[in-house]
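A quick write-up on the structure given underneath.
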Amino acid sequence: MRKLALGIEALAIAVLFGSFLASGGKVLLAGAAAALLALAGVLGLAGKRGAMPGFWLWFVSLLVYAFLYIPLLIVVIFSFNDSKLNAEWVGFTTAWYRRLFTDEDMLRAALNSLSIACVAAAIATVLGTMAGISMHRFKPKLLPFLVFTPVAMPEILLGVSLLIFFLNTVSPALGALGLDFGLGLTTVVIAHVTFCIGFVAIIVRARLAGMDESIFEAARDLGATPWQTFRLVTLPLIMPGVIAGALMAFTLSIDDFVITFFTSGIGTKTLPLEIYTMIKVAVTPEVNAVSALLMALTLGMIMIAAKLAPDLVRAKT
């Protein structure tokens, strides 16, 4: 009975997904999906009482995953829609992707995002690796607080704080020295490094936590200096975690909108900011196309990072 109920729920989700693509009868399909969900719930209640918690766990999980992933699938599908409107599916085309790669503003914003992400990821990887090793080996009391605070802090609060810091502290201080300092790519890179360091440090620290300390003691007993121990033993062992941290930092940087919005200044555009500018007018298939490409890049980076460091999700948690 419970398996039948879950099957009906899956059918309801499929019908709901189809309602977004249908050219007509959207309300009818949505109503049918709601009726199927109600039927699945009734069948689940009719089963054995002992299996009730497990059923509702699966039932709610399917709904949550559908809520998360159906919009993403819709964005990807409608990026191939042969219509300027996203109201209904008209036909298949790749014209929006061709138009995207000839849009100079979009290409410039993409280049800015890639440049910022590469520089921020490189700096954050070096500093985050150093912080992760320090927290694991020396266990300082203040360093974890300094490293993890930007990770836990709400993005809008961090963005406003950095904006005030750049305008009220850094700009007047450099202005007194005769240096002109304003918001731009440099401030965005600094802001991205600030919140990326914590993620790299978490991953590197988790990688070190699963290693046998006797390996490093053996290297020291054999006469290796601290630098030789790090270069020949520690770094090769934590390299998957370092690479995973770099990929995670790159992904977070290239996707960031809130902090970039506050620290970019006038005239500095990144890919998320350009997408935001485009959707102010209308959500065209071109927006869907660039969103699909950005989504594919992000998911690819996360999958590679998770493959290199299987404990990545647990470490971030």
- Are Leu72 and Val76 close enough, and set up right, to give a side-chain contact (heavy atoms from CB on, under 4.5 Å), and what steps lead you there? CA-CA 6 Å; Leu72 300 181; Val76 174; 5.8 Å; no

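- Linking ILVMFWY side-chain heavy atoms closer than 4.5 Å, directly or via other members, places Val60 and Leu68 in a single hydrophobic cluster.
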For residues 151-176, please give each side-chain donor-acceptor pair under 3.5 Å, one per line with the distance, not counting sequence neighbours.
{"unit_1": "Ser161", "atom_1": "OG", "unit_2": "Leu157", "atom_2": "O", "d": "2.7"}
{"unit_1": "Ser171", "atom_1": "OG", "unit_2": "Phe181", "atom_2": "O", "d": "3.2"}

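- Considering all non-hydrogen atoms of both residues, Val15 and Leu29 come closest at CG1-O, 3.4 Å.
- In Ile266, the CD1 atom is not crowded: 12 or fewer heavy atoms of neighbouring residues, nucleotides or ligands sit closer than 6.0 Å.
- Counting only heavy atoms from C-beta outward, the side chains of Asp103 and Leu107 never approach each other to under 4.5 Å.
- Judged by distance alone, the side chains of Thr102 and Arg98 never bring a donor and an acceptor atom under 3.5 Å apart.
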- Could you go through the side-chain contact (heavy atoms from CB on, under 4.5 Å) check for Glu286 and Val290 one step at a time? CA-CA 6 Å; Glu286 188 178 356; Val290 67; 6.0 Å; no

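- Counting non-hydrogen atoms of other residues, nucleotides and ligands closer than 6.0 Å to CZ of Phe148 gives a total above 12.
- Taking the six-membered ring where the residue is Trp, Phe261 and Tyr276 present perpendicular rings, their angle passing 60° and hence far from 30°.
- Here the straight-line distance linking atom CE of Met130 with atom OG1 of Thr125 works out to 12.5 Å at 0.5 Å rounding.
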Pairs of donor and acceptor atoms involving the side chains of residues 109-119, under 3.5 Å and at least two apart or interchain, shall be tabulated with distances.
{"unit_1": "Asn112", "atom_1": "ND2", "unit_2": "Arg108", "atom_2": "O", "d": "3.4"}
{"unit_1": "Asn112", "atom_1": "ND2", "unit_2": "Lys269", "atom_2": "O", "d": "2.8"}
{"unit_1": "Ser113", "atom_1": "OG", "unit_2": "Ala109", "atom_2": "O", "d": "3.2"}
{"unit_1": "Ser113", "atom_1": "OG", "unit_2": "Leu271", "atom_2": "N", "d": "2.6"}
{"unit_1": "Ser115", "atom_1": "OG", "unit_2": "Leu111", "atom_2": "O", "d": "2.8"}

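- Taking OG1 of Thr187 as the reference point, atom CD1 of Ile259 lies at 12.0 Å (rounded to 0.5 Å).
- Linking ILVMFWY residues whenever their side-chain heavy atoms come closer than 4.5 Å, directly or via other members, leaves Ile13 and Val27 in distinct clusters.
- When all heavy atoms of Glu9 and Leu63 are compared, the pair lying nearest together is OE2-CG, 3.3 Å.
- Hydrophobic clustering (ILVMFWY, side-chain heavy atoms < 4.5 Å, transitive): Leu28 and Leu37 are in distinct clusters.
- Side-chain atoms of Arg231 do not come within 3.5 Å of backbone N or O of Pro226 as any donor-acceptor pair.
- In terms of hydrophobic clustering, with Ile, Leu, Val, Met, Phe, Trp and Tyr side chains grouped at heavy-atom distances under 4.5 Å, Phe138 and Leu127 are assigned to different clusters.
- With hydrogens and angles ignored, the 3.5 Å screen pairs no side-chain donor or acceptor of Trp96 with any backbone N or O of Phe80.
- With hydrogens and angles left out, the side-chain atoms of Thr260 and His192 include a donor and acceptor closer than 3.5 Å.
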- Message: With side-chain contact (heavy atoms from CB on, under 4.5 Å) as the criterion, how do Phe92 and Asp82 come out once you've worked through the C-alpha distance, each side chain's angles and the decisive distance to 0.1 Å?
- Response: CA-CA 6 Å; Phe92 181 87; Asp82 191 12; over 6 Å; no

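- Thr268 places a side-chain N or O within donor-acceptor distance of the main-chain N or O of Ser264, the cut-off being under 3.5 Å.
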Counting only pairs under 3.5 Å, give me each side-chain donor-acceptor contact of residues 241-251, with atom names and distances, residues two or more places apart or in other chains.
{"unit_1": "Thr251", "atom_1": "OG1", "unit_2": "Leu247", "atom_2": "O", "d": "2.8"}

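- Residues Trp227 and Leu222 do not share a hydrophobic cluster, defined by chaining ILVMFWY side chains whose heavy atoms lie under 4.5 Å apart.
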- Does the pair Thr234 and Leu208 meet the rule for a side-chain contact (heavy atoms from CB on, under 4.5 Å), with working shown? CA-CA 9 Å; Thr234 306; Leu208 285 167; 4.3 Å; yes

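- Remark: Arg137 engages no residue in a salt bridge (Lys or Arg N to Asp or Glu O under 4.0 Å) (not counting sequence neighbours).
- Looking only at side-chain heavy atoms (C-beta outward), Met106 and Met278 come within less than 4.5 Å of each other.
- Looking only at side-chain heavy atoms (C-beta outward), Ser79 and Ser291 stay at 4.5 Å or farther from each other.
- Note that CG of Leu100 is 11.0 Å distant from CG of Asn288, once rounded to the nearest 0.5 Å.
- Grouped with Leu142 in one hydrophobic cluster are Phe145, Leu146, the linkage being side-chain heavy-atom contacts under 4.5 Å among Ile, Leu, Val, Met, Phe, Trp and Tyr residues.
- The line from CG of Leu4 to CG of Leu43 is 5.5 Å long, rounded to the nearest 0.5 Å.
- Taking all atoms of both residues into account, the shortest heavy-atom contact from Leu183 to Gly265 is CB-CA, 3.6 Å.
- Partners of Thr225 according to the side chain to side chain donor-acceptor pair (under 3.5 Å) rule, which considers only residues two or more places apart in sequence or in another chain, are Gln228.
- In this structure a side-chain-to-backbone donor-acceptor pair under 3.5 Å is missing from Thr93 to Asn81.
- Of the inter-residue distances, the one linking Ile275 atom CD1 with Leu294 atom CG reads 5.5 Å to the nearest 0.5 angstrom.
- Considering all non-hydrogen atoms of both residues, Ala131 and Val147 come closest at CB-CG2, 4.0 Å.
- Looking only at distances, a side-chain donor or acceptor of Ser19 sits under 3.5 Å from a matching main-chain atom of Leu16.
- Between Tyr65 and Tyr69, the two ring planes are parallel [angle under 30°; tilted spans 30° to 60°].
- Between Thr270 and Asp256, every side-chain heavy-atom pair lies at or beyond the 4.5 Å cut-off.
- The two residues Val258 and Phe262 make their nearest non-hydrogen contact at O-CD1, 3.1 Å.
- Shown here for Tyr97 and Ala292, the closest heavy-atom pair between the two residues is OH-CB, 3.6 Å.
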